[in-house]
Amino acid sequence: MNDDEIFNKKFRENILRLHQARDKRIKPNTDDKILSDINGMMIEALSKAYIVFKKPEYLDLAENAADFIISKMYKDGVLMHRYRQGESEIPGFLDDYAFFASGLLYLYEATFNDIYLNYADDLIKTMIGKYHDKSSGGFYSYLTDLPVRLRESNDNAIPSGFSAALNDIIIESYIHDEYNEIIDNSIRSVASSIKRNPVFLQVH
């Protein structure tokens, strides 16, 4: 047995011992909630991957996720933020509407199934009604009864709901001309921030 074979044998033995030791520890809790915004980003990524690579398993995953959220988390025109243990809870935030609508738009591009386009259209109309700042342009992040409403336009670890919403509306503007004014006002509302820090504000 040469040195490489001896090393590989000891490595496998040590890995086995490590797994055995870990199995004796109390495992951390699993975060088993389903979120509309995160799934929307996943649906978009899988749809784009299917368009490029034509692997049907990518499309299956995207459609299954979209169909689940539509059937379990979208009720009476309200998108819910979270699903867990058979219950959907918490009315959706800007991120939920923006990212899930974006996922559906790209899923439509991958399938040309009008169902996804129709749901995206409904979500975007609802999103505009709930979150569009008619006075200053742009979008609020949350619904609240407080006199001050939070707006987050900067991208961080993930794109902001603001930029995702704007991206959705730019795509939808090819169908709905009335969205052009919302696009212009939204861009103007963050124009100074774009000039200062363009890397933090990107339409994805």
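Computed from a prediction, not measured in an experiment: that's the story for all the values here. For the single chain, residues carry numbers from 1 onward in sequence order.
- Under the 4.5 Å side-chain heavy-atom criterion for Ile, Leu, Val, Met, Phe, Trp and Tyr, V52 and Y108 are members of the same hydrophobic cluster.
- At distances below 3.5 Å, at least one donor-acceptor pair connects side-chain atoms of S189 with backbone N or O atoms of S186.
- With D96 contributing its side chain and D37 its backbone, the two residues share a donor-acceptor pair below 3.5 Å.
- We find the CD1-CG distance between I158 and D95 to be 6.0 Å, quoted to the nearest 0.5 Å.
- Here the CD atom belonging to E181 is positioned 13.0 Å from the OG atom belonging to S173, to the nearest 0.5 angstrom.
- Between I38 and M42, every side-chain heavy-atom pair lies at or beyond the 4.5 Å cut-off.
- Contacts classified as ring pair (Phe, Tyr, Trp, His ring centres under 6.0 Å) and involving residues 21-70 (residues at least two apart or in different chains) are given here: F68-Y83.
- Separating the CZ atom in R188 from the CD1 atom in I183 is a distance of 11.5 Å, to the nearest 0.5 Å.
- From F139, atom CZ reaches atom OH of Y131 across 12.0 Å, with rounding to the nearest 0.5 Å.
- Counting only heavy atoms from C-beta outward, the side chains of I169 and M127 approach each other to under 4.5 Å.
- Y119 has its side chain out of reach of D114: every pair of non-hydrogen atoms, C-beta onward, lies at least 4.5 Å apart.
- The main-chain N or O of L117 is never found under 3.5 Å from a side-chain atom of D121 such that the two would form a donor-acceptor pair.
- In this structure, K134 NZ and I128 CD1 are separated by 9.0 Å, a value rounded to the nearest 0.5 Å.
- The aromatic rings of F7 and F11 lie parallel to each other, their planes meeting at an angle below 30°, with 60° marking the opposite boundary.
- The main-chain N or O of M80 is found under 3.5 Å from a side-chain atom of S36 such that the two form a donor-acceptor pair.
- A side-chain donor-acceptor contact under 3.5 Å links T126 to the backbone of D122.
- One N or O on the side chain of S160 and one on the backbone of S163 form a donor-acceptor pair closer than 3.5 Å.
- The residues K9 and E5 are annotated as not salt-bridged, no charged nitrogen and carboxylate oxygen being separated by less than 4.0 angstrom.
- Side-chain contact between Y97 and V78: present, with at least one pair of heavy atoms (C-beta onward) separated by less than 4.5 Å.
- A donor-acceptor contact closer than 3.5 angstrom is absent between the side chains of N185 and H132.
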Could you pull out all donor-acceptor pairs under 3.5 Å where a side-chain atom in residues 20-33 meets a protein atom, sequence neighbours excluded?
residue, atom, partner, partner atom, Å
D31, OD1, K33, N, 3.4
D31, OD1, K33, NZ, 3.0
D31, OD2, K33, NZ, 2.8
D32, OD1, R84, NE, 2.6

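- Annotation for E89: atom CD counts as buried by contact number, over 12 foreign heavy atoms lying within 6.0 Å.
- Put simply, the side chain of S88 gets close to the backbone of K72: a donor and an acceptor are under 3.5 Å apart.
- When side chains are defined from C-beta on, F99 does not count as touching N39, because their heavy atoms never get closer than 4.5 Å.
- Counting non-hydrogen atoms of neighbouring residues, nucleotides and ligands closer than 6.0 angstrom, the CG atom of N2 exceeds 12 such neighbours.
- Atoms CD1 and CD, on I182 and E172 in that order, are 11.0 Å from each other to the nearest 0.5 Å.
- A 4.5 Å side-chain heavy-atom check between N14 and L18 finds every atom pair outside the cut-off.
- Here Y142 and F93 bring their ring centres to under 6.0 angstrom of each other.
- Checked options T111, I171, I43, I51; the residue passing with Y106 is I171 (criterion: side chain to side chain contact (heavy atoms under 4.5 Å, CB included)).
- Clustering ILVMFWY residues whenever any of their side-chain heavy atoms sit less than 4.5 angstrom apart, transitively, puts F112 in the very cluster that holds I70.
- When side chains are defined from C-beta on, I69 counts as touching L79, because their heavy atoms get closer than 4.5 Å.
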Checklist entry - Hey, mind stepping through M41 and F100 against side-chain contact (heavy atoms from CB on, under 4.5 Å) and telling me if it holds? => result CA-CA 7 Å; M41 286 186 281; F100 186 49; over 6 Å; no
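- Within the 4.5 Å cutoff, the side chain of L104 has heavy atoms near those of the L123 side chain.
- Under a 3.5 Å cut-off, the side chain of N113 and the backbone N or O of I115 do form a donor-acceptor pair.
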